[in-house]
Number of protein chains: 2
Amino acid sequence: MGKKQEPHRLPSGVGFLLAQLGTHAAATFASSIEDLELTPPQAGLLWMLARKPGRSQRELADDLGMPPSRFVPFADKLEERGLIERRRNPDDRRLHALHLTEQGSEVLGKLGAAARRSEDVLCRALADDEREQLAALLGRIASDQGLSPGVHPGYKSVRT
Amino acid sequence: MGKKQEPHRLPSGVGFLLAQLGTHAAATFASSIEDLELTPPQAGLLWMLARKPGRSQRELADDLGMPPSRFVPFADKLEERGLIERRRNPDDRRLHALHLTEQGSEVLGKLGAAARRSEDVLCRALADDEREQLAALLGRIASDQGLSPGVHPGYKSVRT
DNA sequence: TATTGTTATACTCTATAACTATA
DNA sequence: TATAGTTATAGAGTATAACAATA
């Protein structure tokens, strides 16, 4: 990049910027849905159920990167609030198919609006066409790296 | 963006991609420095000390987004391994100025190499000029959002 | 016997707050 | 009195593994 080789260049590159901005984006989004009393993983589950209803808890837990034992109380809270419901699968009574309730759909709508607002703030330094460019570049990296669209596996594997 | 308004669009945008890719970039980097037996926050501290030696523990802890009580054992480990050293400030003997040792500098070199390798993998889907475009766009967002270059405050404020 | 969902438990991680030494 | 660094401790969060129901 530069003319001379610096002795120690490190966080000047794309990798560091992505990690830094990713954290910032997550924090911004989290605070934008605080009013709805939802956390990002909860928002993620609602979103996943809207895209594909009726999946088993195990599948969903895997996608969210959490063990089943943690998923149970996690889903409990949303069920108590009436945003999702468990339905026994008659064909295989071991499975609990998860569905969005009507109230859950309403909340999802507000969630989307909050996400768009928070994204607009995040990207306010860019013109519309630059924002599209950015989305395209990021999308290509995500696809190349094998990341599933709409699935955020969380910070499970990042050591501290 | 699209012609019709979808009923629920959410993680199609830049915000979600940034969060998703940021996590992925952090995980990739973390695994690339596993051989050096370093975690990302440890790498961050070494990097910060190279950029500006002799800062107090409190300052550094603030930049890393951790309370002083957690910083102490965190720095202890690196000191035991001979990568950093504490030096009493003679003017104000309360302060412990942190410095990189010679061995710490060597490790930092390997660290930089690992970071570059991991970044090359991350960006392999992009041509060189696209990669520069991306860095420029991300850099502008980071600067607009008030993020300090080279400082990664961690995931402290992200609720789960 | 294998799998889903659940519960129990032991362990790790963390922040809060006391404590010391210096100022 | 106030601040840097340190230590102690209590609480939250987590994974592991046992368990019950169903296949």
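In what follows, chains are A, B, ... by sequence order, proteins preceding strands, each numbered from 1.
Here D:dA4 presents its C1' atom at 15 Å from CZ of B:Arg55, a figure rounded to the nearest Å. Separating the CG atom of B:Leu64 from the C1' atom of C:dT14 is a distance of 16 Å, rounded to the nearest angstrom. Atom CZ in A:Phe74 sits about 11 Å away from atom P in D:dT14, given to the nearest Å. If you take CG of B:Asn89 and C1' of C:dA23, they are 12 Å apart, rounded to a whole angstrom. A:Phe71 has its CZ atom 11 Å from the C1' atom of C:dG5, to the nearest Å. Distance CD (A:Gln57) to C1' (C:dT6): 9 Å, rounded to an integer number of Å.
Under the 4.0 Å criterion applied to side-chain N and carboxylate O atoms, A:Arg140 and B:Glu130 are assigned as salt-bridge partners. One finds no salt bridge joining A:Glu37 and A:Lys77 here, because no Lys/Arg side-chain nitrogen approaches an Asp/Glu carboxylate oxygen to under 4.0 Å.
When distances run from any side-chain atom of B:Pro67 to the nucleotides D:dA15, D:dA4, C:dT16, the shortest one goes to C:dT16. Checking D:dG5, C:dT6, C:dA23 against every side-chain atom of A:His96, the shortest atom distance belongs to C:dT6. Comparing C:dA23, C:dG5, C:dA8 by their nearest atom to the side chain of B:Arg93 picks out C:dA23. Distance from the side chain of B:Arg94 is smallest for C:dA23 among the nucleotides C:dA23, C:dG5, D:dG5. Listed candidates were D:dT6, D:dA23, D:dA4. Nearest to the side chain of A:Asp92 is D:dA23. Proximity note for B:Pro68 (side chain, C-beta onward) versus D:dA4, C:dA15, D:dT6: the nearest is D:dT6.
For A:Asp76 and A:Leu95, each mapped to the nucleotide of DNA chain C holding its nearest heavy atom, the one lying further toward the 5' end belongs to A:Leu95.
The residue A:Arg86 sits close only to the backbone: its heavy atoms come under 4.0 Å of sugar-phosphate atoms, none of a base. At a threshold of 4.0 angstrom between heavy atoms, the contacts of B:Asp91 are confined to the sugar-phosphate backbone, with no base atom among them. Using a 4.0 Å heavy-atom criterion, one finds that A:Ser69 contacts the bases of the nucleic acid, with or without backbone contacts as well.
No more than 12 heavy atoms of other residues, nucleotides or ligands shown are found within 6.0 angstrom of CG on B:Asp128.
Checking the phosphate oxygens (OP1, OP2) of C:dT6, no side-chain nitrogen or oxygen of A:Arg58 falls inside 4.0 Å. Residue B:Arg70 places at least one side-chain N or O closer than 4.0 Å to OP1 or OP2 of C:dA15.
Here the rule is salt bridge (charged side-chain N to carboxylate O under 4.0 Å, His left out) with A:Asp63, and of A:Lys52, A:Arg55, A:Arg51 only A:Arg55 fits it.
Side chains of B:Arg86 and B:Gln57: a donor-acceptor N/O pair is present below 3.5 angstrom, by distance only.
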